[in-house]
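All remarks here apply to the structure that follows.
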2 protein chains.
Amino acid sequence: MELLFYAYRDFTAEPDAILAKHKLGRAHHRVIYFVGRYPLISVSELLAILRITKQSLSRVLGELVREGFITQQPGQRDRRQRLLELTAKGAELEHKLSESQRQRVARAYRAAGAAAVEGYRKVLSGMVDDDRRAKLPRNRGPRA
Amino acid sequence: MELLFYAYRDFTAEPDAILAKHKLGRAHHRVIYFVGRYPLISVSELLAILRITKQSLSRVLGELVREGFITQQPGQRDRRQRLLELTAKGAELEHKLSESQRQRVARAYRAAGAAAVEGYRKVLSGMVDDDRRAKLPRNRGPRA
DNA sequence: CCATATATGTCAACATGGCTGACATAAAAT
DNA sequence: ATTTTATGTCAGCCATGTTGACATATATGG
């Protein structure tokens with residue numbers, strides 16, 4: 001439990017510093033991250049992932065759209081949807097933000113070894129609620 | 001990264017619900033947790049762990065002291081210090097809060113196996129900043 | 001002993017990012 | 001044609017972070 005707190009705390013610290021330069025917060029990071037991870041994601045799916053209210057999301061998402069980090073487009077099958085995608089500018093920021101985290105993860109992975117990483121993933125998955133765990137993308141192998 | 005977000009999100013969800021009944025928030029939980037973990041911890045050490053300002057801590061800590069969850073006592077060697085300890089009431093709340101988390105961790109541990117847990121700890125430790133990692137307590141073995 | 005540094009507390013103002021509740025619109029589904 | 005769904009928006013509230021300034025008691029070093 002303690003470990004998880006420290007890891008999360010330190011994991012978010014560097015991106016927070018970068019975000020501050022753009023006058024953005026951690027909430028923006030989460031949106032940028034998941035839109036980058038799941039291009040053309042719908043607003044409701046994003047809400048389900050973040051587990052916040054649409055009013056909370058709206059503020060943050062609105063800013064990102066206005067500042068040109070994210071674009072919205074109507075869904076093809078369902079035109080009520082406003083599917084979200086990163087712009088080039090958004091992708092660039094996403095990359096910068098992820099960079100420090102990737103390095104941190106990579107360092108931890110190298111120090112711990114492949115077997116440890118396997119276990120790490122297993123345990124973390126086990127802590128996620130069942131409904132979300134079912135939707136987890138399969139491990140795509142070492143990315144560091 | 002995604003996994004870590006979900007795990008942390010779901011890890012904090014249940015305690016949050018319990019805390020709400022006591023009109024407390026996640027910030028209170030963190031204080032209660034670390035005071036329980038390190039009895040007679042000093043305010044400055046707690047600040048170093050949480051990485052928040054003393055003004056932020058003061059509000060939360062003050063409430064916990066006023067509500068009788070935590071007591072303060074002057075340090076013996078250094079009487080400027082106000083060493084923190086859980087009261088019986090505080091310990092009881094701490095236990096309740098940790099209960100759901102312990103179960104979640106235990107479930108994940110069982111599902112993943114001992115070897116996976118070992119790896120999990122290794123990787124998480126590797127993500128923690130060096131200065132704090134040096135102070136991590138040694139793994140005390142299965143507690144679930 | 002005195003000067004300075006440290007541990008802690010406190011007041012005030014402000015920002016971020018959650019929340020609830022109410023209401024609106026367009027498109028899909030029945 | 002009606003109802004449901006996906007989304008947006010306004011308004012106000014709360015929790016928890018921030019900075020800056022200042023106060024007090026005790027420890028520490030010349």
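Just so we're on the same page: letters track the sequence lines, and every chain starts at 1.
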CD1 of B/Ile52 versus P of D/dT19: gap in Å, rounded? 12 Å

With the threshold set at 4.0 Å, does a side-chain nitrogen-carboxylate oxygen contact exist between A/Asp129 and B/Arg9? no

Looking across every strand, which nucleic acid part, if any, lies under 4.0 Å from A/Ser56 by heavy atom: base, sugar-phosphate, or nothing? base

Nearest-Å distance for atom pair CG/P, residues A/Leu47 and C/dT20: 13 Å

Write down the distance between CD (B/Glu63) and C1' (C/dT10), rounded to a whole number of angstrom. 15 Å

Specify the residue among A/Leu57 and A/Asp78 whose closest nucleotide of DNA chain C lies further upstream toward the 5′ end. A/Leu57

How many whole angstroms separate atom CD of A/Gln55 from atom P of D/dC13? 16 Å

Interatomic distance where CZ belongs to B/Arg66 and C1' belongs to C/dG9 [whole Å]: 13 Å

Taking NZ, NE, NH1 and NH2 as the nitrogens, is one of them in B/Glu45 or B/Arg132 under 4.0 Å from a carboxylate oxygen of the other? yes

Could you check whether atom CD of A/Glu99 has more than 12 heavy atoms from other residues, nucleotides or ligands sitting under 6.0 Å from it? yes

For ring pair (Phe, Tyr, Trp, His ring centres under 6.0 Å), just list the numbers for B/Phe5 and A/Tyr8, CA-CA rounded to whole Å, side-chain angles, deciding distance to a tenth of an Å, and then say yes or no. CA-CA 8 Å; B/Phe5 168 77; A/Tyr8 199 79; 7.5 Å; no

Between A/Ser44 and D/dT7, is there a side-chain N or O to OP1/OP2 distance below 4.0 Å? yes

For C/dA12, take OP1 and OP2 only and decide whether either is under 4.0 Å from a side-chain N or O of B/Arg59. no

Side-chain N or O of B/Thr53 closer than 4.0 Å to phosphate OP1/OP2 of D/dT19: no

OP1 or OP2 of D/dG8 sitting under 4.0 Å from any side-chain N/O of A/Gln72? yes

Hey, does the side-chain of A/Arg26 have a donor or acceptor N/O within less than 3.5 Å of a partner on the base of C/dG18? no

On DNA chain C, check which nucleotide each of A/Ala27 and B/Glu45 is closest to and give me the residue with the more 5' one. B/Glu45

Can you tell me the distance, in whole Å, between the CG atom of A/Leu61 and the P atom of C/dG17? 13 Å

Send over the distance from A/Leu84 CG to D/dT7 C1', rounded to a whole Å. 11 Å

Under 3.5 Å donor-acceptor pair, A/Arg80 side-chain atoms to D/dT5 base atoms: yes

Quick note, B/Arg79 side chain, CB onward, closest among D/dT26, C/dT10, D/dG8 is D/dT26

Integer-rounded Å distance: C/dT16 P and A/Arg30 CZ: 14 Å

Check whether any side-chain N or O of B/His28 sits under 4.0 Å from OP1 or OP2 of D/dA15, and answer yes or no. no

Of the nucleotides C/dT8, D/dT9, D/dA6, which one has an atom closest to the side chain of A/Lys54? D/dT9

A/Arg104/A/Glu14 ion pair, N-O < 4.0 Å: yes

